[in-house]
Amino acid sequence: MKSIFRWLLGIKESGSGVTAANRMKLMVVHDRYQMPPAIVEQMKKELLEVASKYFEIDPETAECVIKSQGNRRAFISAIVPLLKRGQANTNANSNNRKSNNKNAKAKDTRNLQASAA
Amino acid sequence: MTETEINSNSNFAGKVIVVTSGKGGVGKTTTTANIGAALAGLGKNTCVIDMDIGLRNLDILMGLENRVVYNLVEVIEGTCKLKQALVRDKKFPNLSLLPAAQTRDKTSVNAEQVKALIEEVRKHFDFVLVDCPAGIESGFQNSIAGADEALVVVTPEMSSVRDADRIVGLLEARRDQIGGVHLIVNRIKPGLIETHQMMSIEDIQEILALDLIGMVPDDEDIVVSTNKGEPLSITGSNKSAGQAYRNIARRLTGEEVPFMDLNKRLGFMGRIKAMFA
């Protein structure tokens, strides 16, 4: 009901003000730590390299951002989805396994999450 | 012109508050004039200092431009005494302006000199408001030299918030000197916030992580009051930006004042939208 009124009145759930706030939150953290987004991207690459030594990971959906927290603090938030054991396509037996397990592509829901103050 | 008399009690040690923003044109000078007048209206002995040396404007907003004789640089250089340079307001005898020099620039004084001057000024007043120039260079450093607290003025725009964040970082580095840093969100358009087309005050507060001391609505009457040289905090209605400035002044004196309901300023459709947003 409320949503019909909102539609009639032209109120959007997320207008440009929300976009601005989200851009702003990211921008101020990079400003404060003098860390350009390109460097964070580089760090993400390196983090994924380390993680892939120990786990089979899904680099496509991994994310690594610097997030701000109240009181002008920030933290590194890295979310690196793990693949099921033996699912890595570098595995020589991958063709065998695929035929054995139709759900081979399903990702493990567990995430490797790292955060540092 | 006769010398302006200043408070004879010279053991006041009033509070020194710098009004700053980083970005230009967000309303620092308007904020200084309005809060200064409101504090005087509350019976506080108040001095407003224009630190924008070379681009003097606070005198205009207060309607005192014709009575400026000496200026801050001349006081520092010893050309005149402090009380000769202070211009007393017509309506409020407890409100004085220390004007900036118009024909000099920011490098004509340094932070130590300004600090010494402010130590002298504060002896005679309850509140000293310092109107800081835009930027983060020497004019800013001079303006914060003698401050106990800071008011950071932002408008709900990304460029303003980003510049303010830089200022907050610089103020934080002086935390031992500048105790309280408070946020004023200026030129709020409640209609745009209701339809999510403007950053909300909560968003800005969260990003800057400051104590919110004022929310000032965008108000066309500010233009009129500037034209007349009468701060809106003297004449404005209880829905106006003037009321928001009066509330800030009361909060500065330690009073707890609830924030204005800015939705009252919306038109009929605006209020309907606000109900559903």
Side-chain angles (χ1 to χ4, degrees), chain A residues 1-44 47 62-80 111 113-117, chain B residues 22-23 136 152 154-175 181 183 185 187-212 218 262-263 266-277:
Chain A
M1 189 63 186
K2 195 174 173 182
S3 58
I4 295 170
F5 279 109
R6 293 172 66 96
W7 179 76
L8 285 171
L9 292 164
I11 300 168
K12 289 175 186 154
E13 286 299 332
S14 61
S16 64
V18 180
T19 312
N22 289 337
R23 288 175 65 200
M24 215 53 249
K25 282 171 193 170
L26 205 63
M27 192 197 297
V28 291
V29 177
H30 288 124
D31 282 354
R32 280 176 205 162
Y33 290 87
Q34 292 171 22
M35 184 172 275
I39 303 288
V40 177
E41 198 50 40
Q42 175 64 30
M43 181 179 71
K44 175 185 170 183
L47 274 175
E63 60 173 83
C64 175
V65 287
I66 298 185
K67 284 184 176 167
S68 61
Q69 211 172 22
N71 218 10
R72 302 180 68 80
R73 286 170 177 272
F75 59 96
I76 300 165
S77 167
I79 298 178
V80 186
N111 289 329
Q113 187 163 7
S115 53
Chain B
K23 188 178 181 301
I136 52 172
V152 176
V154 302
T155 57
E157 293 157 316
M158 294 180 70
S159 49
S160 168
V161 176
R162 185 188 212 177
D163 292 1
D165 190 69
R166 189 93 164 80
I167 289 292
V168 174
L170 294 170
L171 291 171
E172 280 221 327
R174 309 270 289 256
R175 206 180 304 169
V181 182
L183 175 66
V185 185
R187 294 210 197 117
I188 298 166
K189 297 180 195 281
L192 284 186
I193 289 182
E194 289 313 332
T195 53
H196 304 291
Q197 298 301 344
M198 181 173 259
M199 264 190 282
S200 73
I201 290 136
E202 295 76 30
D203 281 333
I204 296 169
Q205 202 189 348
E206 188 196 327
I207 291 162
L208 296 175
L210 292 181
D211 158 55
L212 182 70
D218 190 45
L262 296 180
N263 287 338
L266 296 171
F268 176 71
M269 277 311 282
R271 268 174 296 179
I272 302 265
K273 282 184 183 181
M275 276 168 62
F276 292 98

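All chains are named by letter (A, B, ...) in the order of the sequence lines, taking the proteins before the strands, and each is independently numbered beginning at 1.
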Peer 1: If you apply the rule side-chain hydrogen bond (donor to acceptor under 3.5 Å, both in side chains), what do you find for B/Glu157 with B/Thr155, and how did you get there?
Peer 2: CA-CA 5 Å; B/Glu157 293 157 316; B/Thr155 57; 2.5 Å; yes
Peer 1: Could you have a look at A/Ala20, A/Gly17, A/Ala21 and say which one has the most heavy-atom pairs with chain B under 4.5 angstrom?
Peer 2: A/Gly17
Peer 1: Tell me, out of B/Asp203, B/Leu210, B/Ile207, who's got the most heavy-atom pairs with chain A below 4.5 Å.
Peer 2: B/Ile207
Peer 1: Quick check: are there more than 12 heavy atoms from other residues, nucleotides or ligands sitting under 6.0 Å from NZ of A/Lys67?
Peer 2: no
Peer 1: Identify which part of B/Met158 has an atom lying under 4.5 Å from any heavy atom of chain A, answering side chain, backbone, both or neither.
Peer 2: both
Peer 1: Under 4.5 Å from any heavy atom of chain B, what part of A/Met24 do you find: side chain, backbone, both or neither?
Peer 2: both
Peer 1: Tell me whether B/Lys189 at atom NZ has more than 12 heavy atoms from other residues, nucleotides or ligands lying less than 6.0 Å away.
Peer 2: no
Peer 1: Output yes when A/Arg32 and B/Asp165 qualify as a salt bridge under the 4.0 Å nitrogen-oxygen rule, no when they do not.
Peer 2: yes
